[in-house]
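Worksheet: the structure to be examined is printed underneath.
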Amino acid sequence: MEDDTIDLADEQQDWSFLDAISGTKTTSPHDNNQSLPKRGEKDFEQDDTDYQQKVLQSSLDAMYGALGGERRHNAKNHVRAVWFDELQKAQVDVARGPHFKTIGTSDSQGKVWLYPEETIYLLERGSMELFWPNGVQISLQGAYAVCAGKMGEDGIDKIHTYSHLKRAGFVVQRAYQQSPPSVSVSRDRPLGSSSFSLFSYSWIYRFNVHNIPFLWTHPRQLIFGVYNDRDQIYRDLQLVQAYRHGGPRMSLETAAENPFKVTYFVWKPRAADFKKSSPPPPDFKIVVVNTERQNMPTLEQTEQLFEEAVRRHENGDVLDQRHIMQKLKFGKREIILAMLDYGVINFVTLADVSFASNPLYEDKPKPRRNNGKTRGGAKKRGGKR
Amino acid sequence: MIQIKRINDKYLVFKVEDIRFLRQEHLIGGTLIGTLPQIPQQNVFCGLPLQLFKEEVIFLMKNGIAEVVDDSASHVTALTSQTPEDIENYEKQRHTAQQLQIKEYTEGMLERRRQALEKKGMSGKIDKEVVVATDNAISYVTDATTTNETLEGYNMFSKENVLSDLLEHVTSAQYYIFNFLHSRGYFLSPGLRFGGNFLAYPGDSVRYHSHYIAIGKEYEEKFPIKSVIVGGGRLGTNVKKCLVLGGENDEGGDSVYCIEWSGFG
Amino acid sequence: MAEQIRTNLVHQHLWSDVVIHQTKLTDLVHGTPPRTLHPDDAEIRSEWLVPARSNDDWTIKQWDECFREAEGVAGKDVDRMLMAIVDNDSTIVYYFVYKGLVKPRKN
Amino acid sequence: MKKQNLNALYPHPYPYVVDVVPPVIHNPISVLYFLCRWIFAGNTSPEYTAEYVDGVVRAVGDAREGLWKMGFFGKGILSRSEPSWDIRTKRRLGLHVEEGVYAPEEVTQFRREQRQHFKAERAKAEEEELKRRQDIDRGLAVADKNEDDKPVRPEFDRDAFLAKSYEMEKRTEDDEVVDSLGNLVDIEFLQLMDVEALFLHMAFGLKVGDMDVKAMVDEFTRKDPRFLTYYAVYHHYRSLGWCVRSGIKFGADFLLYKKGPPFTHAEFCIKVMPKDEPMPDFWWQSNLCRVIGGVKKTTVFCFVDVPKVEGVVDDAKLVEVLKQFKVREVVYRRWIPSRNRD
């Protein structure tokens, strides 16, 4: 089944694809011909053939070979940094190379400082070496021990999420690195009540015997009498209070501390002119979630997150918001949860949608102007009824 | 016995030999979470370290295969006890290694260049060309810099921080179903991505598709039919896996069931 | 509910010899489908069904009990049953429940 | 079927016929006409009756056809959605049936059969591959794979298939549904979900036996304590113009269709989340979103602030109670970094 949800990283792929690269110990780290092969075919089960055993072993050997790969540094672009444990940050000696366009923050002396996740990422990909102030080099294991050690319980998960997004090509920064958000919350107003009231529209268009019981002895029912406007039926049926975009939140309780906090701001890779000192509004906001200790966010927690969520279109989103289906599927604002399951990351988008703000009955086919081309995002797609 | 490094509440392995041992001797795969230096711009194949999940750690400890070390503490203790001589020694070693690498690299480059020019029949130009070509290309290679073992006495300090009895007595429905499948030769990985506790493979996950989405339940634990049986069974069918639900029954035996959409109705 | 399942099996899915067995715990339905239900079945086999409502909860223990009851009536081992899950809109979805591990369908 | 034809076939989104009268203000004669229409109001809209038997709401005859055609309410108990057991059974038993008319279930049957053919072919290919590998082991073959032997989807003949599939012998059970004259007795009724029954009753005057609002709310709540919560959600989407049907097939509570099943696939799967109940874990959420994402639909969590309802909910009170319910939607969708880079 071809579907949006298939992801190459969903399941472990066959490492023998890596043969080509794990064997090439002499290539310089700047060779760019290391592209990924296509998804391979795995077997359903063991068939007890030596052939299968051989294929397995060669795949495993490819994996061990790749894992044992060295981190090589070119003398010209060599980057060193020193870890200051009391600050929980690393200072880069001389910030050379393209990474520092998007990674790190500069102080008044022009020195670049790195957060733990930035430090580990650069170390892992072989773009930097790390030292203690006394000159002892910090190994990768050492970096995990000291950098993640004080990041709190989800330190490794946050580092992993950061690296995962960087590896996928995104620009990632710690949320509110520059200035914390000013969240203004309006929660003193109740939700707007529904439009159901007797004389709110022209009487001539609507006689509702339900409301004039002495005239007619018909069973009580909401929709009765003469309607010459079909939409009026829908309007009369709208009794349940529903959240509308721009309206107040539904949960009015005093908020307890929200365990779900925006961890990272993320920008799409296209940002060639990205300035880390004055970044544009982020394309995505990511909340790193501990799935072991937390349940799904409650409505209250979700509404709090939405108050600082990314508004669609701020960044020239290409999503066509003229169409009701797009509005209902993608909403006005969105926040992304990174759910960590012992090293496996699952992302889910929470979108702020409102069906009441986009009533389906108002979505009528417009007079055809475009020569019978079908309207809307309702492309024909396979699916189950 | 291998050492699992604990950082906060996460369990990591940093040595390739350990990964090979866990995988091939004990069907313990973990999940690689680091960046592969050779191909850092992708997420399909990841590098060291390897993160183990809770049930894997419990299994390894229960069976005396591994011990858990508080790595943050070990590292700092080992570091602060380095003498100035240790550090000087260390720097000397590093310098020597670098010089050697640079020499090897330069010689290699020279040799290749020479061969290339000879092939083109331009051996007369060799000396001049080679000098120009290698001048800018000096590089050096450092070790994989993956583990802490370069630190003087590190292993001793880590042994002092062993947390062996931490998980000895943990039992749960999840561990039950993990153990049920693992002891039958299945290879397991975290399963949240497919809505289960684990995915189970009929052999090493690099070669086989997973067969099961496994969920552990206490014997009398209630679960909603609509989301667990209908949702889980339906999902299993969509992704060509069986949903396995199970727990330990009153008599200490196995009550394990496979759920599969019937294809009708 | 068992009666509703029987009607559905007989007249929508064309099963034969559908019988309701009342046991101490629950009603069980037994019947024979018109063709093999599972691609790995060598021949048509008769099936045991457990009725359940879509909005209810379930436990592992209940499966143990249902198998035990079915085996009591059948007088022999039962290796699989079908759960007939009834929704308020009259949809009945059927799920195989196998005792122990079985391989998923290859296709 | 073409969309235009479908629109002509199903012009009414509700069992209610809207009168189109000219605007009164511009035309004095129309005032008279309008008043006439008003006095006889209700006559143009159908009045349907359903029964409540054995714990389910059933509609037969005109109501069965009307409630399906006007808003796609209910489900044929022996069919996937629209009652079509009659056609299928007539064809199966060799009784008279119009040619070229296929029930949706029959179309599905075609597709399934087609898929099975394909799978059988693939299984054969896999068996050959195993044999080839064993040959390699024994040194009887060389290890270079010929990639051209993938099975192809075979052509499929609907009529031939139907003829074959209905070759089945008449069962003794079929005697239950054929009368002494050899005619088929249509035993299929349209079952309404409890929420549909209350909605049709309170909004469009459907009679459900002799139950009034109070009797329905009491009875339905007895069967499912959260009935009113589900009702509020059902009512909410119906009032916005959606066709709302059960979501059981995907482990959800409701499906939202733009017009109804004959027109398009459902777009949204609704999961009702009472605001004050503890939130489920992430495994549950991941599972549900996978199933729903796999069938190309959007998962909507519909949070409901449920008011405390005291005393009996009767005719007059239902509207008041509904006005106290609040709903808010949140869409959950898997996010894949590699598909969101540009």
Side-chain angles (χ1 to χ4, degrees), chain B residues 173 176-177 180-181 183-186 199-202 208-251 253-265, chain C residues 4-5 8-9 12-15 31 33-41 47-68 78-107:
Chain B
Y176 169 82
I177 199 77
F180 179 86
L181 288 161
S183 65
R184 280 163 180 73
Y186 286 90
L199 287 185
Y201 298 78
Y208 305 101
H209 292 295
S210 59
H211 280 189
Y212 303 112
I213 299 167
I215 301 178
K217 293 281 176 206
E218 304 294 345
Y219 194 46
E220 295 186 42
E221 179 185 347
K222 286 185 175 172
F223 50 87
I225 287 177
K226 198 187 262 183
S227 51
V228 176
I229 302 178
V230 177
R234 177 91 201 196
L235 171 65
T237 308
N238 288 354
V239 293
K240 298 174 185 170
K241 305 179 199 315
C242 257
L243 176 72
V244 176
L245 279 165
E248 187 176 7
N249 60 35
D250 291 341
E251 285 117 47
D254 303 318
S255 288
V256 175
Y257 293 97
C258 276
I259 315 299
E260 192 187 36
W261 184 45
S262 67
F264 77 100
Chain C
Q4 205 180 331
I5 293 165
N8 187 266
L9 287 173
Q12 181 170 1
H13 299 298
L14 310 178
W15 286 40
R35 56 184 76 87
T36 55
L37 287 184
H38 192 284
D40 295 348
D41 290 350
E47 306 283 348
W48 287 97
L49 296 101
V50 186
R53 272 181 218 288
S54 61
N55 280 338
D56 286 350
D57 286 336
W58 198 258
T59 64
I60 301 286
K61 188 180 182 181
Q62 275 171 283
W63 276 324
D64 275 3
E65 290 167 346
C66 289
F67 272 90
R68 209 172 296 140
V78 172
D79 61 343
R80 79 170 178 212
M81 295 182 85
L82 281 154
M83 243 184 139
I85 300 165
V86 181
D87 193 61
N88 185 231
D89 81 335
S90 86
T91 299
I92 305 179
V93 288
Y94 297 90
Y95 281 78
F96 281 124
V97 180
Y98 295 90
K99 222 195 256 176
L101 290 179
V102 290
K103 276 185 235 165
R105 300 175 192 209
K106 250 177 159 175
N107 295 310

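Proteins get letters first, then strands, A, B, ... in listed order; numbering begins at 1 in each.
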In terms of ring plane angle, is the pair B:Y212 and B:Y186 parallel, tilted or perpendicular, where the classes change at 30° and 60°?
perpendicular

Would you say C:T36 and C:D41 are linked by a side-chain donor-acceptor pair, where the criterion is simply a distance under 3.5 Å?
no

What part of B:V230 gets closer than 4.5 Å to chain C, counting heavy atoms only: side chain, backbone, both or neither?
both

Approximate separation, where rounding is to 0.5 Å, of C:D64 CG and B:E251 CD:
8.5 Å

Sort C:N55 into side chain, backbone, both or neither according to what part of it lies under 4.5 angstrom from a heavy atom of chain B.
side chain

Where does B:L181 contact chain C at under 4.5 Å (heavy atoms): side chain, backbone, both or neither?
side chain

What part of C:I85 is in contact with chain B, defined as an atom under 4.5 angstrom from a non-hydrogen atom: side chain, backbone, both or neither?
side chain

Ignoring hydrogens, what is the shortest heavy-atom contact between B:P202 and B:H209? Give both atom names and the distance.
CD-O, 3.1 Å

Taking only residues two or more places apart in sequence or in another chain, which ones pass ring pair (Phe, Tyr, Trp, His ring centres under 6.0 Å) with C:Y98?
C:F96

Please determine, among C:L82, C:I92, C:D56, C:D87, the option with the most heavy-atom pairs under 4.5 Å with chain B.
C:D56

Just give me the residue among B:L245, B:L243, B:D254, B:V228 that pairs up with chain C most often, heavy atom to heavy atom, under 4.5 Å.
B:L245

Contact leader toward chain C among B:T237, B:V256, B:I259, where contacts are heavy-atom pairs under 4.5 Å
B:I259

Residues two or more places apart in sequence or in another chain: which of them pass side-chain contact (heavy atoms from CB on, under 4.5 Å) with C:D79?
C:R45

Run the ring-ring contact (aromatic ring centres under 6.0 Å, His included) check on C:F67 and B:Y257 step by step: do they pass?
CA-CA 11 Å; C:F67 272 90; B:Y257 293 97; 5.4 Å; yes

In terms of heavy-atom proximity below 4.5 Å to chain C, should B:E221 be classed as side chain, backbone, both, or neither?
backbone

Choice from C:K61, C:R53, C:Q12 maximising heavy atom contacts with chain B below 4.5 Å:
C:K61

If you take all heavy atoms of C:M83 and C:A52, which pair is closest and at what distance?
CE-CB, 3.9 Å

Heaviest contributor of heavy-atom pairs below 4.5 Å to chain B, chosen from C:A84, C:S54, C:P33, is C:S54

Using non-hydrogen atoms only, which part of B:D250 is less than 4.5 Å away from chain C: side chain, backbone, both, or neither?
side chain

Does a donor on one side chain and an acceptor on the other come within less than 3.5 Å for B:S210 and B:K241?
yes

In terms of heavy-atom pairs under 4.5 Å with chain C, which of B:S262, B:G263, B:S227, B:C242 leads?
B:S262

Could you have a look at C:R80, C:K103, C:Q62 and say which one has the most heavy-atom pairs with chain B under 4.5 angstrom?
C:K103

